[in-house]
**Q** 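Take this structure, written in structure tokens, and hold onto it; I'll ask about it next.
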Amino acid sequence: MSAAGTPSNTATLHRFHSAVNSGDPEVISKAIDELVAPDLLFHAPVPMGLTGAEALKRVWEVLLRAFPDIHVAVEETISEGDRIVVRNTVTGTHRGEYQGVPPTGKTVTYSEIFIFRFAGGRIAEVRGVVDVLSLLRQLGAFPS
């Protein structure tokens, strides 16, 4: 894809981030159906054994259950051709079980970086690095 496709890819990614920041599971699921390829290649910490867009839906179900006020702040984006790299800061309050840790009521902040590849105007592949260790330390699951 040429760089000319980048503005529409950027708009798609903005729509995706707006949906996930809505905190509404139905809005997020609908956005994934509209903006993500069903056979999404998902390379990120996804322990559920699912693939495709369904894996992404499951990740958001788990996150919303654990952190109902979760917010993804996009700090930086880099676009080139059919890819967009995003550096995010994620915040939320731990109100439900996460990775075996019962709710603590603690507010957490962690970083993540994702590379999104687009095809046909949809998110076709995601590669992510999430600072899960920092998150679990803030919940008291690991010593600092």
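Reckoned from all heavy atoms, side chains included, excluding hydrogens, waters and symmetry mates.
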**Q** By the definition side chain to side chain contact (heavy atoms under 4.5 Å, CB included), identify the one residue from Val86, Asn21, Leu56 that meets it with Phe16.
**A**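 The passing option is Leu56.
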**Q** Under 4.5 Å between side-chain heavy atoms, counting indirect links through other Ile/Leu/Val/Met/Phe/Trp/Tyr residues: same cluster for Val108 and Phe142 or not?
**A**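 Result: yes, single cluster for both.
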**Q** Keeping Arg122 on the side-chain end and Asp33 on the backbone end, is there a donor-acceptor pair under 3.5 Å?
**A**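 Answer holds: yes.
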**Q** Should Val72 and Glu112 be marked as a side chain to side chain contact (heavy atoms under 4.5 Å, CB included) after you check the CA-CA gap, both sets of side-chain angles, and the distance that decides it?
**A** CA-CA 9 Å; Val72 179; Glu112 58 186 20; 3.9 Å; yes
**Q** State yes or no: do Val85 and Leu35 share one hydrophobic cluster built from I, L, V, M, F, W and Y residues joined by side-chain heavy-atom distances below 4.5 Å, directly or via other members?
**A**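 Result: no, two separate clusters.
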**Q** Would you check if the side chain of Asp69 reaches a backbone N or O of Thr93 as a donor-acceptor pair within less than 3.5 Å?
**A**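 Side chain of Asp69 to backbone of Thr93: a pair is present.
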**Q** Is the backbone N or O of Gly96 less than 3.5 Å from a side-chain atom of His94, with the two atoms forming a donor-acceptor pair by type?
**A**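 Looks like yes, one N/O pair under 3.5 Å.
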**Q** Please round to the nearest 0.5 Å and tell me the distance separating atom CG of Leu139 and atom OG of Ser134.
**A**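 Going from the CG atom of Leu139 to the OG atom of Ser134 covers 9.5 Å.
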**Q** When you measure from the side chain of Arg137 to the backbone of Pro143, do you find a donor-acceptor pair of N or O atoms at a distance under 3.5 Å?
**A**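 Yes; at least one donor-acceptor contact below 3.5 Å.
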**Q** When you group the ILVMFWY residues by side-chain heavy-atom contacts below 4.5 Å and let the links chain together, are Ile113 and Val132 in the same group?
**A**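 Different hydrophobic clusters.
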**Q** Run through His71, Glu76, Glu75 and flag the one making a side-chain hydrogen bond (donor to acceptor under 3.5 Å, both in side chains) with Thr89.
**A**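 Looking at His71, Glu76, Glu75, the match for Thr89 under the side-chain hydrogen bond (donor to acceptor under 3.5 Å, both in side chains) is Glu75.
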**Q** Under a 4.5 Å side-chain heavy-atom rule over Ile, Leu, Val, Met, Phe, Trp and Tyr, are Val27 and Leu63 clustered together?
**A**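 The answer is no; the residues belong to distinct hydrophobic clusters.
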**Q** Is there a donor-acceptor pair under 3.5 Å between the side chain of Glu61 and the backbone N or O of Pro25?
**A**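 No.
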**Q** Membership question, hydrophobic clusters at under 4.5 Å side-chain separation (ILVMFWY): are Ile115 and Val130 in the same one?
**A**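 No, Val130 does not connect to Ile115 through the hydrophobic network.
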**Q** Answer whether the closest heavy-atom distance between the side chains of Phe42 and Val59 falls below 4.5 Å.
**A**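 The answer is yes; the side chains approach within 4.5 Å.
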**Q** So which atom in Ser22 and which in Ile28 form the shortest heavy-atom distance, rounded to 0.1 Å?
**A**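 In terms of heavy atoms, the two residues are closest at OG-CG1, 4.3 Å.
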**Q** Compare every heavy atom of Asp82 with every heavy atom of Asn9, then report the nearest pair and how far apart it is.
**A**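 Closest approach of Asn9 to Asp82: ND2-CA, 4.2 Å.
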**Q** Within a strict 4.5 Å, meaning less than it, do heavy atoms of the Leu135 and Gln99 side chains meet?
**A**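 They are not in contact (no side-chain heavy atoms under 4.5 Å apart), so the answer is no.
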**Q** Looking only at non-hydrogen atoms, find the nearest pair between Ile84 and Thr77 and report the distance.
**A**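 Closest heavy-atom pair between Ile84 and Thr77: CG2-CB, 4.4 Å.
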**Q** Using 4.0 Å as the upper bound for N to carboxylate O, is an ion pair formed by Arg83 and Glu80?
**A**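 Not counted as a salt bridge, because no side-chain N and carboxylate O are separated by less than 4.0 Å.
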**Q** Between Glu125 and Leu40, what is the shortest heavy-atom contact and its length?
**A**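 Looking at all heavy atoms of both residues, the shortest contact is N-CD1, 3.6 Å.
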**Q** Can you measure from CH2 (Trp60) to CD1 (Ile32) and round to the nearest 0.5 angstrom?
**A**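 If I round to the nearest 0.5 Å, the distance is 8.5 Å.
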**Q** CG/Leu41 to CD1/Ile123 distance, rounded to the nearest 0.5 angstrom?
**A**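 Interatomic distance, Leu41 CG to Ile123 CD1, rounded to 0.5 Å: 12.5 Å.
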**Q** For Ser29 and Glu26, indicate whether the former's side chain and the latter's backbone hold a donor-acceptor pair under 3.5 Å.
**A**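 Checking the backbone N and O of Glu26 against the side chain of Ser29, no donor-acceptor pair under 3.5 Å is found.
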**Q** I need the Thr10 OG1 to Arg15 CZ distance, nearest 0.5 Å.
**A**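 One gets 13.5 Å once the value is rounded to the nearest 0.5 Å.
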**Q** For residues Tyr98 and Ala66, report the shortest heavy-atom separation together with the two atoms involved.
**A**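 In this case the closest contact between Tyr98 and Ala66 is CB-CB, 3.6 Å.
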**Q** Ignoring hydrogens, what is the shortest heavy-atom contact between Gly92 and Phe67? Give both atom names and the distance.
**A**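 The answer is C-CD2, 4.1 Å.
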**Q** Atom OG1 in Thr12, atom CZ in Phe118: separation rounded to 0.5 Å?
**A**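 Reported to 0.5 Å precision, the distance equals 6.0 Å.
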